[in-house]
Amino acid sequence: MRLGEVVGTVVASTKVPGLEGIRLLIVQPIDATGKAAGGAVVAADAIHQAGVGERVYFVASREAAVALPNSFVPVDHAILGIVDQIHLDPTAKDAP
Amino acid sequence: MRLGEVVGTVVASTKVPGLEGIRLLIVQPIDATGKAAGGAVVAADAIHQAGVGERVYFVASREAAVALPNSFVPVDHAILGIVDQIHLDPTAKDAP
Amino acid sequence: MRLGEVVGTVVASTKVPGLEGIRLLIVQPIDATGKAAGGAVVAADAIHQAGVGERVYFVASREAAVALPNSFVPVDHAILGIVDQIHLDPTAKDAP
Amino acid sequence: MRLGEVVGTVVASTKVPGLEGIRLLIVQPIDATGKAAGGAVVAADAIHQAGVGERVYFVASREAAVALPNSFVPVDHAILGIVDQIHLDPTAKDAP
Amino acid sequence: MRLGEVVGTVVASTKVPGLEGIRLLIVQPIDATGKAAGGAVVAADAIHQAGVGERVYFVASREAAVALPNSFVPVDHAILGIVDQIHLDPTAKDAP
């Protein structure tokens, strides 16, 4: 999974069957210190409550669809949860 | 999913069974502000109406085939919908 | 899918069961204008006729095995077809 | 699989069903010589004992869920084991 | 698939169930001319005979597990065969 911040929403009236009712959010991946890392993705909101500005963690690839009520949908990024806190150990050799 | 713009089409007469009748479009991935981001891909048009110049969102990996009527096809990128609007929150810390 | 050019072949006598009789070709990914883009991959020739120097499109990840007669093989890149023509729309904002 | 070092933990009270009781750790991918390589990921701890500062190897994509007791969960990175030692052959042409 | 050179081995006593008896090798991906390309990965040795210093080709993602006797294991990189020879066509436009 990756850490990210919700930065926007997508409106799309024309879509394939199976995506009706799924909120699509624009998520900017971030690193463990909160810095943007890589390009934004469009993720399905599997928790139905992620809001713009919130820190989330999301899953990519085949596993994203598993997070949704109907898993047989063409979805490859899904928000799994809201991040309350991140604890980093500054003594770890590769700590960011 | 990623955002992209349809920039061209592919003509391929020799192909594996299962791909007959599937339109193949060249899609340039873009970021949330509309700037090109990464290399172009060849995507199946799962909505049967994506046109050159249109903004779309597309799915990659295993989930792409799920967007097509017959899911047992070797397709790893599919256009899922046409983007009408993108709302970005300028107050988000990592907004592009 | 990605566009590519067949640039070589691989000879491998020691291999896992299931790969016998599958031609392995070295494919250089290219962008829509024909320029090399990223590192070469080893792809199974699912159309049985891709030749060195030809432009092809290939599929990656789980879907590659679906292109082969026996889909339960450890193959993650497969050539799906030979590209006859690419039409790019120069008026597309993100056209290459 | 990739080598990594556990550098932190994630606390997330709001999450999708199926992730209860799964420890989420922040893992910094490293190369064979121990240098950080690429961005940190959030991985499920499939061995239930990976601690901050430890060297681990982890799996990505669909196979990550297979490492967990319930494989039908939306997890795309999982820690598989703790690395005791790495032996590198300095005579290998491409040894790091 | 990708080309690679085996450059080391991993010793890991703590591991998830299903990985017992699977040799884990450190593989440096290389391009078609033999130059290192990208970061090293940890791959399962599906041919039971890949040695340090040998050129191999390996598969990534979901398909890696298919190369092993028990496919329901959390493995995302597997060595499929030893490369005897690579033939590159110097006349190919994108030949490396």
Do you know the tightest heavy-atom contact between Glu63(B) and Pro74(A)?
O-CB, 3.4 Å
Just give me the residue among Ala65(A), Gly34(A), Ala43(A), Gly53(A) that pairs up with chain B most often, heavy atom to heavy atom, under 4.5 Å.
Gly34(A)
Decide yes or no on side-chain contact (heavy atoms from CB on, under 4.5 Å) for Thr14(A) and Gln49(B), but give the supporting numbers first.
CA-CA 9 Å; Thr14(A) 306; Gln49(B) 55 179 285; 3.7 Å; yes
List the atom of Tyr57(B), the atom of Leu19(A), and the distance in Å for their closest heavy-atom pair.
OH-CD1, 3.7 Å
Under 4.5 Å from any heavy atom of chain B, what part of Val73(A) do you find: side chain, backbone, both or neither?
backbone
What are the two closest heavy atoms between Ala46(B) and Val16(A), and how far apart are they?
CB-CG1, 3.7 Å
If we define contacts as heavy-atom pairs under 4.5 Å, which of Asp89(B), Leu80(B), Leu3(B), Ile82(B) has the most with chain A?
Leu80(B)
I'd like to know if the side chain of Asp84(B) pairs up with that of Ser13(A) as donor and acceptor (distance under 3.5 Å, no hydrogens or angles considered).
yes
Any donor-acceptor pair under 3.5 Å from His87(B) side chain to Thr9(A) backbone:
no
I need the minimum non-hydrogen distance between His77(A) and Met1(B), along with the two atoms involved.
ND1-N, 2.8 Å
Go through it in stages, so that I can follow the logic: the residues are Val83(B) and Val11(A), the test is side-chain contact (heavy atoms from CB on, under 4.5 Å), and I'd like the CA-CA distance, side-chain angles, deciding distance and then a yes or no.
CA-CA 6 Å; Val83(B) 173; Val11(A) 180; over 6 Å; no
Determine the option with the most heavy-atom pairs under 4.5 angstrom with chain A, choosing from Ile47(B), Ile79(B), Val59(B), Val56(B).
Val59(B)
